[in-house]
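Down below is the structure, laid out as structure tokens.
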There are 2 protein chains.
Amino acid sequence: MAAGKPKMLSKRQRELIAKALSDPRRVEILKQIGSGNCVACGDIRARQDVSAATLSHHMKELEMAGLIEIAREGKYANLTLRRDVLRAYLDHLAAI
Amino acid sequence: MAAGKPKMLSKRQRELIAKALSDPRRVEILKQIGSGNCVACGDIRARQDVSAATLSHHMKELEMAGLIEIAREGKYANLTLRRDVLRAYLDHLAAI
DNA sequence: TCATCAATTCGACAGTTATCGAAGTATCAA
DNA sequence: TTGATACTTCGATAACTGTCGAATTGATGA
């Protein structure tokens, strides 16, 4: 089964990920993205009571951390969870 | 081995853990505690360039999150990593 | 008792961040 | 072209947080 190549994260990226995961709302967003295959920002707004501006801000944080990928298509932004990155982060912490 | 009983964390505790892990210095401290069996605050200060006040603050954060246990003995504080709690947190995130 | 040492608490400050409304930028449809 | 939709950027604000020095508490030893 597809263990895939073990991904290496820089110290810097691990810090960004930890920071990204420290906000409950972002974790919720991440779960929502992970539950579907590909989600648009609008779908998320429909479930999270948050302004478009705030949501956009969170998306940027998640993207900078490398936890999601944002594929802009026309006026939509399709979001996908980078499971390999999340996995690498968890693996690192598990080694403590 | 000893997978032990799977530990259940409340949403609240998961948030505290995520917050605790979001500061790089706290992660370092956690690693240091995890590397030995039982460490005193002084040992940590010896390696982390930080004031006693700041260190004490971080310890409280880690303890509140449930990530460490602080056993006070005389004038020393002996710290142990709660691996079961960390594991439970990681397991939860892995389920995303 | 007195001095010392380990750790905590307090008060303050600087830097960060989650949040919003408003304005801006594309995109698409009529 | 006009209007609507989807998201982003900007500016501001309130709340939070990491940090320290100083004062405090509690234990130990001379």
Side-chain angles (χ1 to χ4, degrees), chain A residues 11-33 36-82, chain B residues 11-33 36-82:
Chain A
K11 183 166 165 52
R12 171 71 181 147
Q13 186 169 4
R14 288 197 305 264
E15 290 176 11
L16 288 175
I17 292 174
K19 210 84 193 81
L21 293 176
S22 74
D23 182 54
R25 168 155 279 155
R26 278 195 291 260
V27 175
E28 280 309 305
I29 292 173
L30 219 52
K31 284 181 183 175
Q32 199 173 332
I33 295 177
N37 246 2
C38 213
V39 189
C41 283
D43 301 336
I44 292 175
R45 269 201 84 189
R47 290 201 208 158
Q48 306 267 336
D49 187 19
V50 70
S51 77
T54 299
L55 185 56
S56 189
H57 161 70
H58 286 317
M59 288 308 165
K60 191 148 68 172
E61 292 292 307
L62 289 171
E63 187 188 28
M64 284 206 325
L67 284 169
I68 65 172
E69 219 157 79
I70 307 186
R72 287 165 181 93
E73 258 188 60
K75 54 178 175 172
Y76 300 97
N78 291 316
L79 314 165
T80 52
L81 174 60
R82 290 285 308 264
Chain B
K11 183 168 165 50
R12 171 72 182 146
Q13 186 169 5
R14 288 196 306 266
E15 290 176 10
L16 288 174
I17 292 173
K19 210 86 192 75
L21 293 176
S22 74
D23 181 55
R25 169 153 280 156
R26 278 195 291 261
V27 176
E28 280 310 304
I29 292 173
L30 219 51
K31 284 181 184 176
Q32 199 173 332
I33 296 177
N37 247 3
C38 212
V39 189
C41 283
D43 300 337
I44 293 175
R45 269 202 84 188
R47 290 203 208 157
Q48 305 270 335
D49 187 18
V50 70
S51 76
T54 300
L55 185 57
S56 189
H57 162 69
H58 286 317
M59 288 307 164
K60 190 145 72 171
E61 293 290 307
L62 289 171
E63 188 188 27
M64 284 206 325
L67 284 169
I68 65 171
E69 220 158 80
I70 308 186
R72 286 162 182 95
E73 260 188 58
K75 54 179 176 172
Y76 299 97
N78 291 317
L79 315 164
T80 52
L81 174 61
R82 290 286 308 264

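Numbered from 1 within each chain, the chains take letters A, B, ... in sequence-line order.
Rounded to whole Å, the distance from CZ on A:Arg26 to C1' on C:dT19 is 12 Å. Remark: P of D:dT17 and CG of A:Asp23 are 11 Å apart, rounded to the nearest angstrom. In this structure, the NZ atom of B:Lys19 is 16 Å from the P atom of D:dA15, given to the nearest Å. As a whole-Å value, the separation of B:Glu15 CD from C:dA18 P is 13 Å. Spacing between atom CD1 of A:Ile29 and atom P of C:dA18 amounts to 11 Å, rounded to whole angstrom units. The CG-C1' distance, from A:Leu16 to C:dT17, rounds to 14 Å in whole Å. Residue B:Arg45 contributes atom CZ, which lies 13 Å from atom C1' of D:dT19 at whole-angstrom precision. When rounded to the nearest whole Å, the span between CZ of A:Arg25 and P of C:dT17 equals 17 Å.
For B:Lys60, no side-chain nitrogen or oxygen approaches OP1 or OP2 of C:dA7 to under 4.0 Å.
Tested against B:Leu21 for a side-chain contact (heavy atoms from CB on, under 4.5 Å), the candidates B:Leu30, B:Leu16, B:Leu62 yield a single pass: B:Leu30.
Of the residues in residues 62-75 of chain B, those with a non-hydrogen atom less than 4.0 angstrom from any atom of DNA chain C are B:Arg72, B:Lys75. Contacts between residues 46-59 of chain B and DNA chain C, defined by a heavy-atom separation below 4.0 Å, involve B:Ala52, B:Ala53, B:Ser56, listed by number.
One finds no salt bridge joining B:Glu15 and B:Lys19 here, because no Lys/Arg side-chain nitrogen approaches an Asp/Glu carboxylate oxygen to under 4.0 Å.
Fit an axis to the five pairs at each end of the helix from C:dT1-D:dA30 to C:dA30-D:dT1 and the two axes sit 20° apart, to the nearest 10 degrees.
In this structure, A:Gly42 and B:Ser22 both approach DNA chain D, and ranking their closest nucleotides by distance from the 5' end singles out A:Gly42.
B:His58 places none of its side-chain heavy atoms less than 4.5 Å from the side chain of B:Gln48. Side-chain contact between A:Glu61 and A:Asp23 is absent, with no heavy atoms from C-beta onward closer than 4.5 Å.
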